[in-house]
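Values below: every heavy atom of this structure, side chains too, minus hydrogens, waters and symmetry copies.
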Amino acid sequence: MRSKGRLFCTLLTVWAVFVSGAAIAAAQGSPAPGANQAFLYEMDEDAVLLNSAGQVLVPDPSGKSPTGLVDATNGAVGIPAVRHATSQLQGVAALGSILCSVPQLVTVRGNECTVIATGTDDVQLVIDPKTGQVIPTSGKVFGTYAVVVQLDNPTDSPELPVQTGTFSGVINFQPPLPLGFVSEGTFTIDGMSGSFPFQAVFRQPFTRSAKGSAKGDVLTHRGERGEKVSRTDPSARRTQAYYLLDDGSLQRVRPDERAVGWPTVRFEITF
């Protein structure tokens, strides 16, 4: 296990991201779901690290813990085992999909419905003994959703639920890539019997180092390689960010894929 400073930094970012030889996608376009798809964006997230006993871990105020973390209940050295997080999401579903079945529900671009969701996941973590990095593996994901239309203010985002339901599945990560995949996904619609299957790709935003190497560029969650960027620096949320696509190319995060300036995680859901 490396120094506690490096491990603690790793704990905060969850894992470093490395992609060799990735090219920026030439045609950026306006990311939109295809038939039987929905794109949801993470507006905010509340996440904590837990140890194997389920206790919350916090930064060690004494600086003595070798991991930089301690058990919040007793001050013992904190070894992360689970990342527990709850997120608020908003996005759109394509007209004709099960979440956007009729034109009367359309609120965006003439062919998309607005969808909001609250999702929770519990992802198991392991520590690589060679690097000291915390590696996310897999875990359960579940939550509720609603299809919404305008109520009393046509200028702000839609807020009146016209369809509600629940969803669940298993999320798996593929470190060191900034990708996750939801499998065994099912969702229910309130008032309807049975459930419906879905799968999803979880694309995390990241920044791209300008300092390329012979082995390709280094992609990190924030800042260029070797450059320290304060989390409170306003430029940290305005910097250019990218999504990794399935073909290995990079797609720039667009202004409408940010929440209060921050690049957002994009969930691409297929029914």
Side-chain angles (χ1 to χ4, degrees), residues 30-48 50 54 82-124 136-154 156-174 179-204 246 256-257 259 264-271:
S30 179
N36 294 316
Q37 278 194 320
F39 282 10
L40 298 185
Y41 294 89
E42 185 179 78
M43 299 290 101
D44 61 66
E45 181 183 33
D46 181 358
V48 295
L50 309 176
V82 176
R83 185 182 189 275
H84 173 80
T86 297
S87 301
Q88 306 298 324
L89 306 105
Q90 180 173 323
V92 294
L95 179 62
S97 69
I98 196 165
L99 296 186
C100 188
S101 56
V102 294
Q104 287 77 8
L105 302 180
V106 168
T107 52
V108 181
R109 284 192 285 259
N111 62 353
E112 294 169 347
C113 296
T114 299
V115 182
I116 60 175
T118 299
T120 298
D121 61 63
D122 289 288
V123 177
Q124 300 296 313
T137 56
S138 65
K140 295 181 179 180
V141 59
F142 55 92
T144 60
Y145 79 90
V147 179
V148 290
V149 298
Q150 293 289 3
L151 176 59
D152 50 9
N153 185 346
D156 70 354
S157 60
E159 59 274 285
L160 176 64
V162 292
Q163 181 190 128
T164 57
T166 65
F167 63 89
S168 64
V170 176
I171 188 167
N172 295 276
F173 292 91
Q174 290 190 351
L179 296 174
F181 301 90
V182 174
S183 59
E184 303 176 33
T186 60
F187 72 96
T188 64
I189 300 175
D190 293 340
M192 295 182 62
S193 60
S195 60
F196 305 89
F198 77 91
Q199 57 187 5
V201 179
F202 171 97
R203 301 192 195 279
Q204 296 187 87
D246 294 344
D256 60 356
E257 295 180 305
T264 60
V265 174
R266 186 170 83 196
F267 290 87
E268 299 176 6
I269 304 168
T270 302
F271 307 109

Enumerate, atom names and distances included, each donor-acceptor pair closer than 3.5 Å involving a side-chain atom of residues 108-117, sequence neighbours excluded.
from	atom 1	to	atom 2	distance (Å)
Arg109	NE	Glu112	OE1	3.2
Arg109	NH2	Glu112	OE1	2.9
Arg109	NH2	Glu112	OE2	3.3
Thr114	OG1	Thr107	OG1	2.5

*Do the side-chain N and O atoms of Thr270 and Gln37 include a donor-acceptor pair separated by under 3.5 angstrom?*
yes

*Enter the distance from Phe142:CZ to Phe167:CZ here, rounded to the nearest 0.5 Å.*
9.0 Å

*So, does Gln163 use its side chain to make a donor-acceptor pair with the main chain of Asp190 at under 3.5 Å?*
no

*State the CD-CZ distance between Gln90 and Phe39, to the nearest 0.5 angstrom.*
15.5 Å

*Full working for side-chain contact (heavy atoms from CB on, under 4.5 Å) between His84 and Thr120*: CA-CA 7 Å; His84 173 80; Thr120 298; 3.6 Å; yes

_All ring pair (Phe, Tyr, Trp, His ring centres under 6.0 Å) counterparts of Tyr145, not counting sequence neighbours_ = none

_Evaluation steps, side-chain contact (heavy atoms from CB on, under 4.5 Å), between Val182 and Gln199_ = CA-CA 5 Å; Val182 174; Gln199 57 187 5; 6.0 Å; no

*asked:* So which atom in Gly34 and which in Ala94 form the shortest heavy-atom distance, rounded to 0.1 Å?
replied: O-CB, 3.2 Å

*Quick one: OG1 on Thr86 to CG on Asp122, what's the gap to the nearest 0.5 Å?*
8.0 Å

*Please name the pair of heavy atoms, one in Phe173 and one in Gly180, separated by the smallest distance, quoted to 0.1 Å.*
CD2-CA, 4.0 Å

*For the residue pair Val123 and Thr137, what are the closest heavy atoms and their distance?*
CG1-N, 3.9 Å

_Ring centres under 6.0 Å, that's the criterion: do Phe187 and Phe196 meet it?_
yes

*Can you tell me how far the CZ atom of Phe198 sits from the OG atom of Ser97, to the nearest 0.5 Å?*
13.5 Å

*Candidate list Asp152, Leu151, Val147, test side chain to side chain contact (heavy atoms under 4.5 Å, CB included), partner Leu160, passing option*: Leu151

_Minimal non-hydrogen separation, Asp156 against Asn153, with atom names_ = OD1-O, 2.8 Å

_Interatomic distance, Thr264 atom OG1 to Asp44 atom CG [nearest 0.5 angstrom]_ = 11.0 Å

_Salt bridge Arg83-Glu45, side-chain N to carboxylate O under 4.0 Å_ = yes

*Kindly determine whether Leu99 and Ile269 satisfy side-chain contact (heavy atoms from CB on, under 4.5 Å), including the steps that lead there.*
CA-CA 11 Å; Leu99 296 186; Ile269 304 168; over 6 Å; no

_Val265 and side chain to side chain contact (heavy atoms under 4.5 Å, CB included): which single residue from Glu42, Met43, Glu257, Arg203 fits?_
Glu42

_Minimum heavy-atom separation for Asn36 and Gly96, please, with both atom names._
OD1-O, 4.1 Å

*Would Thr188 and Thr166 count as having a side-chain donor-acceptor pair, cut-off 3.5 Å?*
yes

